[in-house]
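All ligand and atom numbering here is 1-based and tracks the order in the structure. Being a predicted model, the structure only gives us computed values, none of them experimental.
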Amino acid sequence: MLVTNSMTRLFDMTRMINSDFNMDHILQVLVDAIGDEIAGADLVGYFHKEDGGTFRGYVGNKLPVDIKELVIDPQADQFVRDILQEAHSQYIADTNVDKRPDPSKVALLHIQSIYGIPVRVNSETIGLIFIHDFGKPMNLTSEQMDVIESFVNMASVAIKNVYMFDETQRLLKQQDMLLETTKAMAASLSTQDVLNACFHYVGEALGNGDVAIHIFDESDQTFRPYHIAESSRFSEVEWKNRHRAGIRISLEKDPLFRELVTYEQAISISDVYSDARPNHEACKIFDIRSMLLVPLKAKGRLFGAVAVVSVGQTRTYSRIESDLCQSIADITATALSNTLYAENLDAMVKERTSELLQANLTLENYVKELHHLDEMKGDFLSSLSHELRTPITAIKGAIEIFQRGYLGELSEPQLELMNTADVATRRLLNQVTELLDFSKITNGNFELTKSPEEIDSVVSEAVEIMRPLIDRKGQLLRMKLSVQKPIKVDRQRLLQVVLNLLSNANKFTPDKGEITIVSYADDSTVVVEVADTGIGIPVEKQKYIFTKFYQVDNVVNGTGLGLSIAQNLIELHGGRISFVSTPQTGTTFTVVLPVDDTAGETKN
Ligand code: ADP
């Protein structure tokens with residue numbers, strides 16, 4: 001009968017605990033079943049293991065005291081120690097003979113005989129079941145003990161299921177939270193957003209809003225208060241002020257933070273005052289009792305810490321809680337290093353931009369100043385050449401009067417002197433005229449006077465003017481002119497250009513050298529080429545040839561303005577001038593003028 005009842009109970013229990021995921025419920029069913037099974041058992045209690053290794057009353061049956069107040073400490077109870085060590089149930093028939101149980105419990109509950117069974121899940125004892133009498137022996141039979149063990153084993157399976165269920169739920173919740181944290185961090189644009197998200201999720205994970213972040217300064221090996229959650233007891237100003245007033249977290253003096261930096265792992269402290277590592281003075285200032293310190297690491301470097309503190313009473317942060325907090329800190333660290341980098345970059349770009357703007361402004365001022373100087377120089381040149389032209393013309397006239405003998409016949413040496421003066425004056429006048437042209441052209445006060453002209457006749461005129469000089473150097477002059485059709489040009493100015501090219505060819509070609517001048521035309525252009533077998537222009541200097549006042553060497557008389565003026569004049573005609581030159585071999589200048597001179601007209 002007993003066996004049948006037991007079987008029915010076991011069957012009912014199996015059904016019930018397999019459909020229930022509430023641990024309290026399962027344990028209550030277990031405790032009740034045992035109570036029903038053992039007629040002589042006055043008291044049945046389940047004690048659940050606590051973090052410190054003690055066992056606290058959880059559910060009971062017929063107990064005279066609140067079971068939740070009962071704590072069994074294995075240190076003080078040899079009987080419990082033996083059960084734990086052997087992981088097996090034990091029975092004491094008479095506590096007067098077997099004195100292993102904690103005497104205070106024996107006295108409190110008038111225990112005479114006691115049966116203790118471990119509740120084991122995944123090879124770990126998670127709780128203990130005690131069955132005992134109240135002042136009289138139980139006389140348990142081995143059959144009864146076997147049945148009770150079957151009950152406990154059955155319940156263990158159910159508890160294991162509950163654990164697994166809870167664990168799965170917890171992991172799911174944790175995953176959800178981490179996913180949400182990651183999303184929030186990804187949406188965070190500023191450092192403050194990242195911090196807020198971190199504070200929010202750490203607070204939620206631990207059910208504690210007292211969260212702050214300290215930043216590690218590698219240069220002086222200290223941690224500085226960075227930001228604190230709004231949900232904290234302190235305002236950020238107050239928090240920082242208290243730090244400033246008397247707390248300096250340096251690795252040298254603070255073993256807790258030193259450990260954090262050394263091992264880069266979360267540290268949980270249940271009671272700061274029974275732990276030598278934390279700075280007790282700081283704990284007093286902030287009224288801290290327990291704490292969880294989690295490292296912030298990004299790109300392989302620890303750069304700060306998340307601190308969660310509990311005020312007033314102690315609190316133990318479980319491994320699971322600290323792991324979750326570490327995961328949130330890891331996500332925070334990456335996001336934080338990114339926003340800090342971006343903000344730094346932003347600041348750097350802003351700084352560089354302002355530097356550039358500054359430099360630009362300075363440069364603009366320089367350019368303005370240079371323009372101004374250039375204008376002043378232009379004005380100076382133009383007025384100077386004006387001023388010079390009149391007296392030079394007067395001198396030239398005077399020389400002519402002497403040369404022609406209007407003031408009496410000159411002696412041979414006198415005439416020679418006058419001729420020399422005449423050549424020098426002419427050259428001077430040419431140079432002054434060149435200067436004046438140049439300043440007119442560059443000031444934009446220059447106009448071409450165009451009329452239909454035969455280019456070959458302009459070239460021939462230039463050659464005639466230059467012939468004495470060419471002959472003087474014994475140079476061979478070749479001419480091949482074939483442009484008869486007139487085009488519209490400013491004759492004087494074109495003559496000036498060809499003269500300049502011929503004069504350069506003459507100047508820069510040694511005695512007995514050759515000068516060739518060619519003209520030809522097609523439908524759209526007229527070309528004039530002046531080639532010489534002279535000294536040529538060094539390759540590295542060629543790009544400066546058209547620059548005003550530029551001379552390769554100052555050995556030959558000139559102003560360095562001729563080619564610059566020539567280029568301007570040709571461009572005013574809508575044409576272009578170019579050259580090829582080989583040092584020691586010769587130079588060829590090419591002038592190309594448009595037949596259709598509308599381009600020239602517009603420039604007028
Ligand atoms: P300059 O009045 O000094 O002749 P230009 O502007 O006419 O000034 O010429 C500039 C410089 O170009 C000359 O000083 C000379 O060094 C070089 N140059 C011009 N034409 C020739 C050439 N045909 N052969 C060699 N060098 C030349």
Side-chain angles (χ1 to χ4, degrees), residues 374 377-378 381 384-385 388-389 392 423-442 446 459 462-463 465-467 469-479 492-519 527-573 575-592:
D374 208 42
K377 194 185 71 193
L381 277 183
L384 181 74
S385 21
L388 283 174
R389 249 163 78 102
I392 293 171
V423 171
T425 317
R426 275 175 207 277
R427 190 186 299 142
L428 195 60
L429 196 61
N430 279 338
Q431 289 182 350
V432 171
T433 310
E434 223 167 43
L435 268 179
L436 197 60
D437 279 353
F438 173 75
S439 56
K440 273 191 203 157
I441 292 171
T442 50
F446 189 81
V459 173
V463 167
I465 296 171
M466 280 303 296
R467 200 178 292 276
L469 290 171
I470 293 169
D471 289 347
R472 198 176 298 161
K473 288 185 86 174
Q475 291 163 336
L476 175 68
L477 182 76
R478 284 188 235 265
M479 270 207 285
Q492 281 315 309
R493 293 304 172 186
L494 189 61
L495 181 66
Q496 184 181 344
V497 171
V498 182
L499 270 175
N500 181 254
L501 297 181
L502 274 175
S503 150
N504 280 345
N506 168 248
K507 268 198 289 186
F508 299 107
T509 303
D511 292 0
K512 309 255 182 307
E514 286 176 26
I515 297 172
T516 310
I517 184 154
V518 178
S519 75
V527 180
V528 179
E529 279 177 10
V530 180
D532 63 51
T533 56
I535 57 171
I537 304 162
V539 178
E540 72 278 7
K541 310 258 169 92
Q542 293 188 359
K543 59 176 176 276
Y544 305 118
I545 285 306
F546 292 107
T547 308
K548 57 192 176 187
F549 298 111
Y550 186 82
Q551 294 175 303
V552 173
D553 293 305
N554 289 321
V555 284
V556 188
N557 281 326
T559 55
L561 282 174
L563 284 178
S564 173
I565 293 171
Q567 188 182 43
N568 274 292
L569 290 175
I570 296 301
E571 282 175 2
L572 279 173
H573 277 90
R576 58 183 195 279
I577 180 167
S578 59
F579 69 93
V580 282
S581 181
T582 310
Q584 312 309 330
T585 303
T587 306
T588 303
F589 277 89
T590 306
V591 171
V592 180

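Of the listed residues (Phe579, Phe508, Phe546), the one carrying the non-hydrogen atom nearest atom 21 (C) of ligand 1 is Phe508.
With ligand atoms numbered from 1 in the order given, ligand 1 contributes 1 (P), 2 (O), 3 (O), 6 (O), 8 (O) to contacts under 4.0 Å with heavy atoms of Gly560.
Within the structure, the closest approach of Gly534 to ligand 1 does not fall below 4.0 Å when heavy atoms are considered. Residue contacts with ligand 1 include Lys507, since one or more of its heavy atoms lies under 4.0 Å from the ligand.
At a 4.0 Å heavy-atom cut-off, ligand 1 does not touch Leu501 at all. In Leu563, the parts holding a heavy atom less than 4.0 Å from any atom of ligand 1 are both the side chain and the backbone. Residue Phe589 touches ligand 1 through its side chain alone, judged by heavy-atom distances below 4.0 Å.
At a 3.5 angstrom cut-off on N or O pairs, Ile545 does not count as close to ligand 1.
Contact annotation: the side chain of Leu501 approaches that of Ile577 to within less than 4.5 Å [non-hydrogen atoms, C-beta and beyond]. In this structure the side chain of Leu563 reaches within 4.5 angstrom of the side chain of Asn504, judged on heavy atoms. In this structure the side chain of Val528 never reaches within 4.5 angstrom of the side chain of Leu494, judged on heavy atoms.
With sequence neighbours left out, the salt bridge (Lys or Arg N to Asp or Glu O under 4.0 Å) criterion links Arg478 to Glu514.
Side-chain contact check for Gln475 and Asp532: no donor-acceptor pair (N or O, by modelled atom type) lies under 3.5 Å.
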Please list every donor-acceptor pair under 3.5 Å in which a side-chain atom of residues 539-547 meets a protein atom from a residue at least two apart or in another chain.
{"from": "Gln542", "atom 1": "NE2", "to": "Ile537", "atom 2": "O", "distance (Å)": "3.0"}
{"from": "Gln542", "atom 1": "NE2", "to": "Ser581", "atom 2": "O", "distance (Å)": "3.0"}
{"from": "Thr547", "atom 1": "OG1", "to": "Tyr544", "atom 2": "O", "distance (Å)": "3.0"}

